[in-house]
Asks: 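One structure coming up, written as structure tokens, with questions to follow.
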Amino acid sequence: MLIGWYPAMKGADKFERISELARRRGFFWPSYEIYGGISGFINWGPLGAVMKRKIEDKFRDIFLRRLNFYEIESPIIAPERVFKASGHVDHFKEPLVECLKCRRKFRADHLLQEFADLSSQETDRMSLQEIAGEIEQRNIKCPECNGALSEPKYFLTMFQTTIGPYSESVGYGRPEAAQGIFVEFKRLYEQVRERLPIGFAQIGHALRNEISPRQGPIRLREFTIIDLEFFFDPEKPQCPFLNEVADESLRLVLAENRLKGDGKPVKLTVKEIVAQGLIKVEWHVFFMALAKRLLADLSIPEDKQRFIEKHPWERAHYSTQGFDQEVYLDRWGWVEVAGFNYRTDYDLKGHMMESGVDMRVFKPSEKEIMRVEMQVKPLIESISQTFKDKAPKVVEALQNVDPNALAEALKRHGFYEMNGFRITSEHVEVIQKEFREKGRHFIPHVIEPSFGSDRLTYAALEYAYTIKDDRVILKLPRDIAPIQLAVLPLVSRDGLPEKAKEVYRILIDEGFTVEYDDSGYIGRRYARFDEVGVPLCITVDYQTLKDDTVTIRDRDTWRQVRAEIRGLPWLLHNYFRFKINFDDLGLPI
RNA sequence: GCGGCCGUAGUCUAGCCUGGCCUAGGACAUCGGCCUGCCACGCCGGCGACCCGGGUUCAAAUCCCGGCGGCCGCACCA
């Protein structure tokens, strides 16, 4: 037997079916529909918002709570200098040229790389004028129709705004939440009493003005990003928790293999990955292993996940080594849901230079270290006599001289040539200075796991979507199901609704998310709750009036057990914490 | 941005080519009432739509133009 909409949806792929369900029942849909809609923006509805939040809570549990890391919230708008320091103002824009004949648009830098044989490092440093010049000089034409190309123009991927009423103060919508953590690093570091390693996360909206976003919740102009910035001492990259994930296997598509045209993932355990030195920092692979578990908890099977190692030219400007975690989706194939980047000290250094604030941390060493350093001491009087008015230049130049080289030259030749000046031992004194070092100043390095919350939520929906007997069942893991329980009187008379409302009240007071429903037939209600992934339905029937027991129905198997009402809170709490399974809830019927 | 296809109630659609018979039909959902002892399949009734703007015409859901939006391909997606 077929349900009305079902034959009509027959040719539809999973994305279409899920979109239909999502808008009908309140998971997600495009924003601003009454004004015609605008692509790149979606709403999460009453069910979707809860589900998404529960997924974010799973991240909090796995990546924050269990590791004793912290979450902060910082603004979405930042002044220009923040994104200058982070490199985004320079890198988050693409030089585009348009073909004047066929109107196609191309990345100007890509054209230069292809036809002018320039590397991406070279094209990255070029100005618009230089790009334009190069295009003209090499006579580069449209690769499609050989038409002439327009002047290159920048397309800025960040949303720009002005802060305050006067337009001189430029601000940007953040394209990632990470900078909000880097900017505040010094204060955060103090607040955790200088603990290192330490992680700070942020879950919030980010903005990217994509050129042409499509694909529903997969590519958005405004989306929820989950950024964890993990700070560590680069001299101590070991992860003490590695044992906990040592045997976890990851499917890696290595950059090296990709270059050889081999896109197949290799399956390696964390232990093997570390032993083979495939990933530079242990924490990097540790977080990837946790992420694999997180996705597995969203019931995304192991063979539908993989990690792609990015080539240097594919990586973000801040990244030294990077992996994308991808999930296989029905319509689009492999889609990135998370990135794991080794950001080194790139960001803190950037903010240190832009702001002038010292972002280094100090760590005492176990033993005091004696360090001997050569220092050049200019003898001003003698220098003035020899070099007259050039003396200040000589003194300045001496400051940048390598003391070891100078001492060596004096010893060997009796003089040292420098910028055309001949320095002899009468001009300088090379002294040995002893430093007692009680520790080191250094900029922490950063490993960043970063998830797209919207994509995770969509992926979880897609993997939960199943059809049984022509009915849709959303087999959501019980801890992310937006509605936990439904309480249903078998029929709406003979005192059953009253009794059911009592049960409903008890469960609400216990903190569960519960729906009460007495409309229509029981089967129809079961079907409705299956469709939105309610794991358990609790039915009050005539026997309930006799012995205070109810039936509990399993969404996935449609099996039922019978249990006493007074035992429900304890049973259900344990069920939702995965301490017990459905069969433990009561006696089979 | 370009090219192709497309836009009708909450959802999925019929109608569009060949303008009038459309006060826009159906199914499912939803709401009200009746009925009802376990899986959307009983009965009655209600609410509810032609993406927006302009044009052609006596007459536009239907034809034309523009805009917005969607899907696919190209490009883009750090």
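Order of the sequence lines sets the chain letters (A, B, ...), proteins ahead of strands, with each chain counted from 1.
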Asks: On RNA chain B, check which nucleotide each of W558(A) and R493(A) is closest to and give me the residue with the more 5' one.
Replies: R493(A)
Asks: Counting only side-chain heavy atoms from C-beta out, which of C77(B), C72(B), C38(B) sits nearest to Y526(A)?
Replies: C38(B)
Asks: I'd like the C1' distance from U8(B) over to G4(B), given in whole Å.
Replies: 23 Å
Asks: With rounding to whole Å, what would you report as the distance between G55(B) and A60(B) at their P atoms?
Replies: 12 Å
Asks: Taking atom P in both C22(B) and C16(B), compute the distance separating them and give it to the nearest angstrom.
Replies: 13 Å
Asks: Figure out the CZ/C1' separation between F15(A) and C72(B), and round it to whole Å.
Replies: 13 Å
Asks: Measuring to OP1 and OP2 of U30(B), would you say a side-chain N or O of R24(A) lies under 4.0 angstrom away?
Replies: no
Asks: Now, which nucleotide makes the Watson-Crick or G-U wobble pair with C5(B), with each of the two distances under 3.5 Å?
Replies: G70(B)
Asks: Between C1' on C77(B) and CZ on F223(A), what's the gap in Å once rounded to a whole number?
Replies: 11 Å
Asks: Counting any heavy atom closer than 4.0 Å, what does R221(A) reach on the DNA or RNA strands: base, sugar-phosphate only, or nothing?
Replies: nothing
Asks: From C-beta outward on R528(A), which listed nucleotide comes closest to its side chain: A29(B), C38(B), G37(B)?
Replies: A29(B)
Asks: What does U30(B) pair with, Watson-Crick or G-U, if both distances are under 3.5 Å?
Replies: G46(B)
Asks: Ignoring hydrogens and angles, does a donor from either the side chain of R219(A) or the base of C76(B) sit under 3.5 Å from an acceptor on the other?
Replies: yes
Asks: Mind checking if L490(A) touches a base, just sugar-phosphate, or nothing, with heavy atoms under 4.0 Å?
Replies: base
Asks: Between Y526(A) and R553(A), is there a cation-pi geometry (under 6.0 Å to ring centre, at most 45° from the normal)?
Replies: yes
Asks: For a quick check of understanding: with a heavy-atom distance under 4.0 Å over all strands, which category does S319(A) fall into, base, sugar-phosphate or nothing?
Replies: nothing
Asks: Would you indicate what S519(A) reaches in the nucleic acid, counting non-hydrogen atoms under 4.0 angstrom: base, sugar-phosphate, or nothing?
Replies: nothing
Asks: Can you find a side chain N or O atom of W332(A) that sits less than 4.0 Å from OP1 or OP2 on G73(B)?
Replies: no
Asks: Roughly how many Å is it from CZ in F41(A) to P in G69(B), rounded to a whole number?
Replies: 11 Å
Asks: With rounding to the closest Å, how many angstrom separate the C1' atoms on G67(B) and U11(B)?
Replies: 27 Å
Asks: Kindly say whether, by distance alone, the side chain of Y32(A) makes a donor-acceptor pair under 3.5 Å with the base of C68(B)?
Replies: no
Asks: Round to the nearest Å and state the distance from I308(A) atom CD1 to C77(B) atom P.
Replies: 17 Å
Asks: Counting heavy atoms from C-beta on, name the nucleotide in U11(B), C38(B), C72(B) closest to the side chain of E20(A).
Replies: U11(B)
Asks: Taking the C1' atom in each of C72(B) and C35(B), what is the distance between them to the nearest angstrom?
Replies: 49 Å
Asks: Considering only heavy atoms and no angle criterion, is a donor-acceptor pair shorter than 3.5 Å present between the side chain of Y521(A) and the base of C41(B)?
Replies: no
Asks: When the ring planes of F41(A) and Y32(A) are compared, do they come out parallel, tilted or perpendicular, using 30° and 60° as the limits?
Replies: perpendicular
Asks: Which one is paired to G20(B), where only Watson-Crick or G-U wobble pairs with both distances under 3.5 angstrom count?
Replies: C58(B)
Asks: Check the side chains of T549(A) and R562(A) for a donor-acceptor pair under 3.5 angstrom, ignoring hydrogens and angles.
Replies: yes
Asks: Taking CD from E336(A) and P from C76(B), how many angstroms apart are they, rounded to a whole number?
Replies: 16 Å
Asks: Which nucleotide in the set C39(B), U36(B), C77(B) lies at the smallest distance from any side-chain heavy atom of Q560(A)?
Replies: C39(B)
Asks: Can you measure D530(A) atom CG to C38(B) atom C1' for me and round it to whole angstrom units?
Replies: 13 Å
Asks: Which whole number of Å gives the distance between the C1' atom of C47(B) and that of C39(B)?
Replies: 28 Å
Asks: Should the ring pair F63(A) and F451(A) be called parallel, tilted or perpendicular, given that the plane angle runs from 0 to 90° and is split at 30 and 60?
Replies: perpendicular
Asks: When you compare G66(B) with C5(B), how far apart are their P atoms, in angstrom units rounded to a whole number?
Replies: 14 Å
Asks: Quick check: do R525(A) and P489(A) have side-chain heavy atoms less than 4.5 Å from each other?
Replies: yes
Asks: Please say whether the positively charged group of R174(A), taken as NZ for Lys or CZ for Arg, lies over the ring of F83(A), i.e. under 6.0 angstrom from the six-membered ring centre and within 45 degrees of the axis.
Replies: no
Asks: Within 45 degrees of the axis of the six-membered ring of W558(A) and under 6.0 Å from its centre: does R471(A) put its NZ or CZ there?
Replies: yes
Asks: Between C1' on G37(B) and CG on D541(A), what's the gap in Å once rounded to a whole number?
Replies: 9 Å
Asks: When you compare A61(B) with G1(B), how far apart are their C1' atoms, in angstrom units rounded to a whole number?
Replies: 30 Å
Asks: Given C38(B), C39(B), G69(B), identify the nucleotide with an atom nearest to the side chain of S39(A).
Replies: G69(B)
Asks: Where each residue is assigned the nucleotide of RNA chain B containing its nearest heavy atom, which of R23(A) and Y318(A) is assigned the position nearer the 5′ end?
Replies: R23(A)
Asks: Look at the side chain of R208(A) against the base of C77(B) and say whether a donor-acceptor pair falls under 3.5 Å; ignore hydrogens and angles.
Replies: no
Asks: Would you say the base of C39(B) and the side-chain of R524(A) have a donor-acceptor pair closer than 3.5 Å?
Replies: no
Asks: How about Q160(A): does its CD atom have over 12 heavy atoms from other parts shown lying under 6.0 Å from it?
Replies: yes
Asks: Rounded to the Å, how far apart are I225(A) CD1 and C77(B) P?
Replies: 17 Å
